[in-house]
Structures are given as structure tokens and as C-alpha cells.
Amino acid sequence: MSSTDTLTPSQTSTNAQVLDATTHANIHDKLARALGIKTAQVNAFVKLYDEGATVPFIARYRKEKTQNLDDAQLRALEKSLNYERDMATRRLKITELLSTQGNLTAELQARIDNATSKLELEDIYLPYRPRRRSPAAKARAAGLDVAAQVILTQEITPTDALADYQAQSSITDDSGNEIEVDFSDIDKQLAGVQAIIVDEWTQALDLLDNLRSGFAKTASIVSSVASEEKREVGEKFKDYFEHSESLARLPNHRLLAMLRGRQENVLGLKIEGEDAPFIEKIISHFDVDAKAPAARREFLAEAAGSLWKDKWRPHIEHRLLTEKRLTAEADAIEVFANNLQHLLMSAPAGRKVILGVDPGIRHGVKMAIVDAQGHVMLDSEDKPVVATVYPFAPDNKMEEAKAVIDKLLSTYHVDLVAIGNGTASRETDAMVKEILAANDALTAKAVIVNESGASVYSASELASDELANLDVSVRGAVSIARRLQDPLSELVKVDPKAIGVGQYQHDVNQNQLADSLDKVTQDSVNAVGVDVNTASPAILAHIAGLNRNVAQQIVTYRKEHGAFDSRESLKNVPRLGAKTFEQAAGFLRVYGGSNPLDATGVHPESYALVDSLLAQVGKPLPEVIGNDGVLNTIDTTALVAHDDNISVTAIIEELAKPARDPRPEFKTANFRDDVNSIKDLSEGMTLEGVVTNVTAFGCFVDVGVHQDGLVHISQMANDFVADPMNRVKPGDIVSVRVISIDEKRGRIGFSMKPEAEKSARPAAKASAANAGNEDKASRPRSNRPAADKRQSKPRGKAQDKDSANHRSKAPRAEKAEAPSKMGTLGALLKEAGVTKAKK
């Protein structure tokens with residue numbers, strides 16, 4: 001396992017067992033200080049966590065224990081706890097190794113204890129790591145260590161120090177294995193002695209720290225095109241073909257873009273920095289200038305140069321770049337996790353009859369109708385209500401297609417038409433709207449829906465099981481309809497990486513990314529809860545305490561025995577034991593069952609307390625649920641909980657608004673009917689759109705032209721924007737103004753800034769209006785990323801959401817731009833501080 005790997009819960013549990021009580025206490029105190037909470041809260045969480053409690057369960061049903069820590073705080077605590085335990089375990093191991101070697105000193109122990117990262121720990125141990133085949137180890141085995149010590153401590157020339165050396169015919173290492181070395185001549189002997197001295201000097205860790213700090217401040221990262229033939233194929237990286245900038249100030253997304261270019265063999269990367277000042281510091285530290293005679297001084301000066309150029313500089317470059325990469329990856333993973341959370345928690349259309357439409361040209365427009373419960377509707381002959389029409393070229397059967405769709409909408413009383421945003425999306429949308437306008441009896445409304453990842457679901461084993469009687473080509477239409485009905489329930493069936501809301505998602509640590517996304521999905525699913533009698537195995541697997549096997553057992557049991565009548569009956573499911581039931585029961589809802597509490601977020605462990613509550617008010621449960629008037633009369637001081645796990649206040653809040661859905665109200669963006677492609681756009685045009693992705697350098701907005709446009713961070717507001725995620729979220733409905741169009745490269749530049757205010761309008765009113773827009777943009781909506789190969793018109797390479805061509809440097813002054821200044825995307829990028837740096 002590398003120093004940067006993430007441990008699994010079982011591994012962290014094992015690590016926890018090898019640490020003593022004092023170490024645990026120190027970790028808990030450190031976490032409390034870092035997170036700004038009480039040590040008692042950390043202790044309570046750790047006890048529950050180590051007993052197998054999940055974060056959603058602790059956040060919802062053990063608030064009394066943790067003194068109301070929310071799920072975000074608990075996730076941060078969980079991540080930090082696992083990291084610190086991993087660090088403590090590695091500290092212990094390094095201490096043991098150094099002690100066994102006889103190299104452990106008080107200074108080293110202090111360094112180990114104060115190390116703040118895994119990289120720092122490994123740096124401390126690096127000079128002492130056994131290297132039996134290193135030049136220094138071979139030289140020591142050959143007996144050259146004596147000469148090295150003489151040169152370091154006595155005024156003697158290196159040649160004289162070797163005068164009595166006798167080369168050995170056979171050399172073995174400390175394990176008794178023979179080593180093939182050749183120290184037969186004086187030059188090779190001098191090289192061996194110098195290797196020993198350099199190796200000994202590497203233990204000057206204070207000096208290394210000083211040099212690393214100084215180099216980090218002055219070093220630059222330089223990128224260049226790998227070869228001339230890469231210029232065309234690597235066009236999306238062209239901003240980095242001749243690029244140089246400070247490594248210390250390099251933005252995270254820019255580093256990831258460079259690393260991707262190197263990974264694709266388009267770019268070459270190197271770190272540039274001075275050598276002479278740092279070699280001088282080494283010479284000064286070891287007082288080389290004071291050594292005599294001159295030959296000895298020159299020999300040791302060469303060793304100082306070798307230490308820097310051959311040992312320390314490569315190591316420092318690697319560590320600095322690794323630290324920057326890990327920070328950039330963590331930031332990218334956080335961006336992805338935030339985007340995914342807002343996408344999963346976007347507003348559901350709810351229990352409505354929906355016609356799902358998967359647009360296409362040559363292969364036709366596929367359609368399927370789902371009922372209010374999300375099941376594919378059946379006709380009078382018990383056949384699935386699906387259809388395929390060919391309104392576009394080459395078939396051009398427009399009238400026939402309209403007739404089929406009109407009949408479907410009329411016969412099955414469709415409430416909404418969900419149209420996928422891929423090939424022929426806007427053409428299909430226009431056709432459906434014509435049908436609705438021509439028939440006043442139809443009440444349906446057309447909505448464009450993100451279909452990214454639908455093809456992945458259609459071909460999956462889960463889709464084959466759920467929709468076994470449907471052709472693969474039609475399953476996408478069903479998924480599109482369900483996404484509008486309940487985004488959370490449908491999107492959990494797709495690998496988050498196929499949804500495409502990530503920034504450089506393929507360039508980061510995949511285990512850490514998967515872990516982060518899984519936790520986001522788990523938190524989202526448990527925040528909403530699921531109907532245990534309709535939920536798929538995919539969504540059940542994310543319920544606290546459950547896994548894929550138990551989720552499948554629940555569905556299998558449901559098919560064999562019928563719908564669950566109560567939560568209590570879940571205990572009959574194989575492999576669903578007492579601990580699993582405790583963790584999961586509160587998030588599993590049973591609607592229309594024998595106990596009304598089973599349809600709420602009240603945990604079964606609190607049912608007895610609810611009975612005490614009902615006895616106090618003298619009313620049956622149906623008259624109490626949702627009745628604020630009755631609930632407000634309850635004397636909570638008279639209720640005695642069975643244990644201190646149960647919060648009476650939380651129970652009353654749940655009874656007041658049982659199973660309240662935390663997701664926002666369902667709304668849709670209104671795309672302009674006269675804007676269907678990039679050719680229909682013109683500079684200055686104002687449009688309503690949906691935020692599809694948020695990155696470090698801005699956000700992407702879908703206005704219905706098959707090509708998301710970029711709102712650069714410098715164009716998001718008149719005031720300074722430190723983090724785009726603080727202004728918009730995926731799914732937000734926003735108003736944008738077109739400021740640049742590059743049709744050839746498929747790039748659109750948008751601005752969310754208010755247009756230049758008339759001089760008569762007070763600045764205060766402008767600020768208020770802008771604030772109002774930000775408030776409007778804070779509500780999550782549906783999302784349309786572009787990572788799915790079903791998309792008909794792929795983004796231009798440079799417009800890729802993971803693109804290497806954007807920057808996040810905001811301009812110093814925000815002024816109203818003249819049209820001539822903002823006529824091209826190049827001008828926008830220049831205004832935003834995105835220019836090629838000169839060497």
C-alpha cells in the first residue's frame with residue numbers, strides 16, 4: 001500500500017486496535033480542535049462508529065449522543081479519523097523500524113510525532129530505508145566507509161585517505177549475499193567514498209526542510225508539446241504547448257490539465273529552478289569552505305553538488321508535485337461529490353404519468369410510458385406501451401409520428417413528456433410542442449431531461465432484470481421518464497462517473513473518488529428515504545446498514561411473499577440481522593401498512609415512546625400525525641425515554657411533518673423555441689438555462705443548443721467570486737447573456753453579470769437585483785452533463801468540462817465591456833487572465 005492509499009473500514013478498525021489509549025485520546029483531541037467541536041462529541045462518534053453504526057444513522061437517530069452533529073460534520077470527522085489512525089499506525093511502524101536499526105534519536109522521534117502528512121512521514125524515514133544495492137551500500141560493503149570518515153574528520157586529501165585501501169576480491173552485503181562491485185581503481189574508490197558521504201548528509205533533515213521551502217517559493221512548472229506531430233491531435237492542450245508559471249501559485253485544475261496532457265503523451269512537464277543557491281546552502285551547512293586542504297574542500301564541494309542535483313532536488317521536485325497533485329485531486333473529488341449531491345437531490349416531478357422519449361434520427365424516436373409508480377404501462381393486451389417513430393430524415397414520417405404520439409398522450413392521460421437531451425432533442429421537443437398546441441384536450445407538458453448514462457443503464461444487468469420484456473433500445477426511454485419522475489431513484493442505478501458531472505474525474509485516485517461518491521449517494525438516499533415495497537436493489541443498497549446482497553434479498557423476499565406489511569416483517573428477510581435492522585429500519589418506509597409509524601422517519605426503537613405520547617394526548621395516531629395543534633400541547637418533560645438515544649423533540653418534529661422530502665419544488669427551465677442550435681445564437685442574446693456542471697474555473701450552462709456554454713468565473717458576478725460552487729449548483733435555473741460564439745470550435749461564452757446599468761439607476765438597485773438572481777440560482781434543478789456517448793453533437797475539445805483551456809484568475813477590475821472587446825472567446829479568456837505565459 002502506498003503512502004497515499006485510502007484504507008477500508010476494516011483496515012482502519014485493525015489499525016485502531018494496535019493503537020494504545022493515549023494515542024486514541026490524542027487523536028480525538030486533535031480532531032476536536034481541527035473541526036471546532038468538543039472532544040466529548042468526537043468520543044461519542046468514535047464509540048458508535050467502531051460499534052458498526054453508519055454516518056446516516058448516527059446523524060439521524062443518535063443526535064443526543066453526538067450533541068447534534070450533522071451529516072456533513074460526521075463525514076468530515078469520519079474522514080479525518082481514518083486518516084489520523086492510518087498516520088498513527090505508520091508512525092508506530094517507522095518508530096519500531098528506526099529503533100531496531102539503532103537510528104532512533106530524540107530529534108527523530110519529535111519529527112515523527114509532529115509530522116502532519118504521510119508524505120512527511122515517509123520523508124523522515126527515507127534516509128534510513130535499507131537499500132542493499134545502492135552505491136553507498138555497495139561502497140560500505142567494500143570497506144570504503146573508513147576512508148569516508150577520515151575525509152570528513154581529518155585534514156587529508158581524498159587520495160591520501162585511500163592510500164592504504166585494499167580492494168576486496170569478494171564482497172557480501174549484511175545478509176551474506178555476494179555483491180558484484182568493482183572498486184579496483186582510484187576513481188571508482190573516490191566515487192564510492194563520495195556516495196557514502198552524500199548518503200550520510202541526507203540525514204540532515206532540518207537542512208532538507210529549509211531547501212525544500214526555498215525551492216518551493218521559486219520553482220516554476222514548464223510544459224511543452226511533446227513532439228510536432230502532437231500539435232494537431234493534442235489541440236485541446238494548445239495553451240500548454242509553451243507554458244510556464246509559478247508552481248506555488250499553480251491552480252489545481254490547471255495542474256490536472258497538464259498532468260492529463262502528459263498522460264496522453266501530448267505534453268512534456270518539468271520543474272525549473274536554480275541550483276547554485278541551494279548548493280551553496282549545503283556547502284555552508286557542512287562548513288565545506290573551511291575544510292583543508294584544497295583537494296579535500298573541492299571533493300566535499302562536489303559531494304554537496306551531487307547531494308543536491310542527484311538526491312535532494314529530484315526528491316523535492318517529486319514531493320512538491322505530489323503534494324500539489326494530491327491537493328488538486330482532493331479538490332476535484334470534492335467538486336464531483338458536490339455536483340453529484342445536488343444532481344441526486346434535484347426536484348422530482350413526483351407521481352405522474354410520463355411519456356419517456358429517447359430521441360434519435362436514423363434509428364427513430366423511442367418512446368415508453370410509465371405510470372405514477374414508475375412501472376411501464378400495459379395496454380389492453382397486457383403488452384408494454386412502447387413505440388418507435390421516424391419523423392426525421394431519411395424516413396421523414398412526421399405526420400405518422402405526430403399521430404402516434406397524439407394517440408399515446410390522449411389514451412394514457414400523460415401528465416409530462418420527458419425528452420432526452422441527446423440526438424435530435426430540440427427537433428423532437430418542437431414536434432411534441434406542435435402536437436400539444438394542436439390538441440386542446442392534451443394537458444401534458446414537455447420537459448428536456450438529462451439522459452447522460454442512460455445507455456449505460458440500458459445495457460446493464462439491472463436493466464435486464466427490471467425490464468426483461470423490453471428491447472435494449474427502448475429501456476433508455478423508460479429511464480428518461482423515471483429520471484423526471486424521481487431523479488434519485490433512477491440515477492443510483494448508474495455509475496456516477498457515467499453521469500459526467502466531474503472535473504478531471506478520470507485523472508484522480510479512483511478508489512478515493514469511488515469512496516467519496518458512494519458516501520454522497522448514501523447520504524442523499526437516506527436523507528430522502530425509500531419505499532421498501534417499490535425500491536430497486538440499486539437504491540436499497542445505499543440504505544444505511546444494507547449492502548448489495550441484503551438489498552437483493554429484500555427484493556427477492558418481496559417477490560416471493562408480496563409487499564411488506566410492516567417494518568417488523570423485514571426481520572424475516574434472510575441475512576437481515578438485528579444490527580442491520582437497527583441501522584436501516586428508520587430509512588425504509590412502508591406505506592399503507594398495519595402501523596402508520598412505518599411510513600414515517602420515526603425509528604421502531606421509539607415506537608414505545610410514541611405510545612406514551614398518544615396516551616398523554618388521549619388521541620389515536622392518525623389524529624396526531626401532521627396535527628401541529630395537538631403536538632404543540634404535548635408536555636415533553638412528562639415523557640421519559642427508555643434510554644438517552646432517543647430525542648423526544650426529534651420525534652415530535654417528525655410526527656408534525658412525517659417523511660418530509662428535503663428536495664426542492666419541481667420546476668423547469670424555459671428554453672427559447674427559436675434557439676435550437678449554436679447557429680441560432682447571437683452576441684448579446686439573453687437566455688434561460690440550466691447549470692449542468694460547476695468547476696473551479698466557472699460553470700457550464702445548457703440553453704438547449706446541444707452545446708453547453710461556459711460562464712467563466714470572471715463572468716459570474718460583478719463582485720469577486722472565490723468559489724463558483726458558492727454561487728451556483730448543478731440544476732440551478734439561471735439567466736445568461738451570450739458574449740462570445742466560436743461555432744467552428746463549438747465554444748460558447750456566457751455571462752451572468754447584469755448588463756451595464758443605466759447611469760440613472762442607483763448602484764444599490766443593481767446590487768440588489770444581482771443578489772436576487774443569486775438567490776434564484778440557489779435552488780437545485782435537473783442536470784445535463786455531456787459525458788454520455790449518446791450525445792449527438794459532442795463538445796469541442798477545448799470546451800470539454802475537464803478542458804485544459806480554462807483559467808480561474810479573476811480580473812482586478814470588473815467593468816462593463818465594449819462589444820469590440822468581448823467579440824470572441826479568445827478576448828474573454830484574455831480578459832479573464834488566460835494567456836500563454838512566456839518562458
Q: With F336 as reference, evaluate V520, L517, T695 under the side chain to side chain contact (heavy atoms under 4.5 Å, CB included) test and give the passing residue.
A: L517
Q: Under the side-chain hydrogen bond (donor to acceptor under 3.5 Å, both in side chains) rule, collect the residues that match up with Y125, sequence neighbours excluded.
A: Q101
Q. Heavy atoms, side chains only, cut-off 4.5 Å: are L92 and T23 in contact?
A. no
Q) Are D182 and K188 within salt-bridge range, i.e. N to O under 4.0 Å? A) yes
Q) Backbone N or O of I112 within a donor-acceptor pair of the R91 side chain at under 3.5 Å? A) yes
Q) Does the side chain of D185 reach to within under 4.5 Å of the side chain of Q189, using non-hydrogen atoms? A) no
Q. Does a side-chain heavy-atom distance below 4.5 Å link L300 with R296?
A. yes
Q. So, the side chain of S134 versus the backbone of R131: is there a donor-acceptor pair under 3.5 Å, distance only?
A. yes
(Q) So which atom in K281 and which in N210 form the shortest heavy-atom distance, rounded to 0.1 Å? (A) NZ-OD1, 3.5 Å
Q: Working to the nearest 0.5 Å, report the span between CD of Q510 and CG of D515.
A: 12.5 Å
Q. If you measure from OG on S224 to CG on L269, what distance do you get to the nearest 0.5 Å?
A. 8.0 Å
Q | Q154-Q149 side chain donor-acceptor pair, cut-off 3.5 Å | A | no
Q | Charged N-O contact under 4.0 Å between R62 and E582 | A | yes
**Q.** Carboxylate-amine/guanidinium proximity below 4.0 Å for D507 and R262
**A.** no
Q: Taking all non-hydrogen atoms of both residues into account, name the closest pair between T322 and L119 and its distance.
A: CG2-CD1, 3.8 Å
Q: To the nearest 0.5 angstrom, please state how far the CZ atom of F45 sits from the NZ atom of K65.
A: 14.5 Å
Q: May I ask you to test the L77-L35 pair for a side-chain heavy-atom distance under 4.5 Å?
A: yes
Q) CD/E155 to CG/D160 distance, rounded to the nearest 0.5 angstrom? A) 13.0 Å
Q | Contact summary for V46 and R85, nearest pair of heavy atoms | A | CG1-NH2, 3.3 Å
Q. Is a salt bridge present between E245 and R254, judged by a nitrogen-to-oxygen distance below 4.0 Å?
A. yes
Q: With the side chain counted from C-beta on, respond yes when K311 and S306 share a heavy-atom pair under 4.5 Å apart, and no when they do not.
A: no
Q. If only atom types and distance count, is the side chain of S516 paired as donor or acceptor with the main-chain N or O of Q512 below 3.5 Å?
A. no
Q. Stepwise, does the side-chain contact (heavy atoms from CB on, under 4.5 Å) test hold for F183 with Q168?
A. CA-CA 8 Å; F183 291 110; Q168 304 173 26; over 6 Å; no
Q. Sub-3.5 Å donor-acceptor pair from the side chain of Q583 to the main-chain atoms of T580, do we have one?
A. no
Q: Look at the side chain of R111 and the backbone N and O of L121, then say whether any donor-acceptor pair between them is shorter than 3.5 Å.
A: no
Q: For the pair F278 and W308, name the ring-plane relationship: parallel under 30°, tilted 30 to 60°, perpendicular over 60°.
A: parallel
Q. Does D209 offer a backbone N or O that forms a donor-acceptor pair with the side chain of S213 under 3.5 Å?
A. no
Q.
Restricting to non-hydrogen atoms, name the atom on A301 and the atom on V288 that form the minimum distance, rounded to 0.1 Å.
A. N-CG1, 3.8 Å
Q: Please examine the side chains of K79 and K519, heavy atoms only from C-beta on, and report whether any two atoms are closer than 4.5 Å.
A: no
Q | Ion pair check, R212 and D123, cut-off under 4.0 Å | A | yes
Q) Hey, are R325 and E323 close enough for a salt bridge, meaning a charged N less than 4.0 Å from a carboxylate O? A) no
Q: Look at the side chain of Q41 and the backbone N and O of K38, then say whether any donor-acceptor pair between them is shorter than 3.5 Å.
A: yes
Q | Side-chain donor or acceptor of N339 paired with backbone N/O of V694 under 3.5 Å | A | yes
Q) Would you call L98 and Q109 a side-chain contact if the rule is heavy atoms closer than 4.5 Å? A) no
Q. Which residues satisfy the side-chain hydrogen bond (donor to acceptor under 3.5 Å, both in side chains) test with E120, sequence neighbours excluded?
A. T116
Q) Do the charged groups of D523 and R60 touch, with an N to O distance under 4.0 Å? A) no
Q) Just by modelled atom types, is the Q522 backbone N or O under 3.5 Å from a matching donor or acceptor in the N526 side chain? A) yes
Q: Show your working on salt bridge (Lys or Arg N to Asp or Glu O under 4.0 Å) between E272 and K270 and close with a plain yes or no.
A: CA-CA 6 Å; E272 287 190 351; K270 64 179 179 179; 3.5 Å; yes
Q: Start with the C-alpha gap between L104 and E96, add the side-chain angles, then the distance that decides, and say whether side-chain contact (heavy atoms from CB on, under 4.5 Å) holds.
A: CA-CA 9 Å; L104 186 63; E96 291 174 354; over 6 Å; no
(Q) So which atom in E329 and which in V508 form the shortest heavy-atom distance, rounded to 0.1 Å? (A) CD-CA, 3.7 Å
Q) When rounded to the nearest 0.5 angstrom, what is the spacing between CD1 in I333 and CG in N509? A) 6.0 Å
Q. Which heavy atom in W201 sits nearest to a heavy atom in A304, and how many Å separate them?
A. CZ3-N, 3.6 Å
Q. So, are D289 and R297 salt-bridged, with charged N and O less than 4.0 Å apart?
A. no
Q) Taking D199 for the side chain and A195 for the main chain, is one N or O donor matched with an acceptor at less than 3.5 Å? A) no
Q: Using the test side-chain hydrogen bond (donor to acceptor under 3.5 Å, both in side chains), find all partners of S246 that sit at least two apart in sequence or belong to another chain.
A: none
(Q) Is there a side-chain contact (heavy atoms from CB on, under 4.5 Å) between L307 and I197? Walk through the geometry before answering. (A) CA-CA 9 Å; L307 172 60; I197 292 172; over 6 Å; no
Q. Q341 and T521: side-chain contact (heavy atoms from CB on, under 4.5 Å), yes or no, with the steps?
A. CA-CA 7 Å; Q341 179 185 36; T521 305; over 6 Å; no
Q: Test E84 against K30 for salt bridge (Lys or Arg N to Asp or Glu O under 4.0 Å), laying out the working first.
A: CA-CA 9 Å; E84 289 298 333; K30 180 178 180 180; 3.2 Å; yes
Q. Is it true that E122 and R129 have a side-chain N and a carboxylate O under 4.0 angstrom from each other?
A. yes
Q. Going by heavy atoms in the side chains, are L162 and V150 under 4.5 Å from each other?
A. no
Q | From I58 atom CD1 to E78 atom CD, the distance as rounded to the nearest 0.5 Å | A | 8.5 Å
Q. Within a reach of under 6.0 Å around CD of E51, are more than 12 heavy atoms found that belong to other residues, nucleotides or ligands?
A. yes
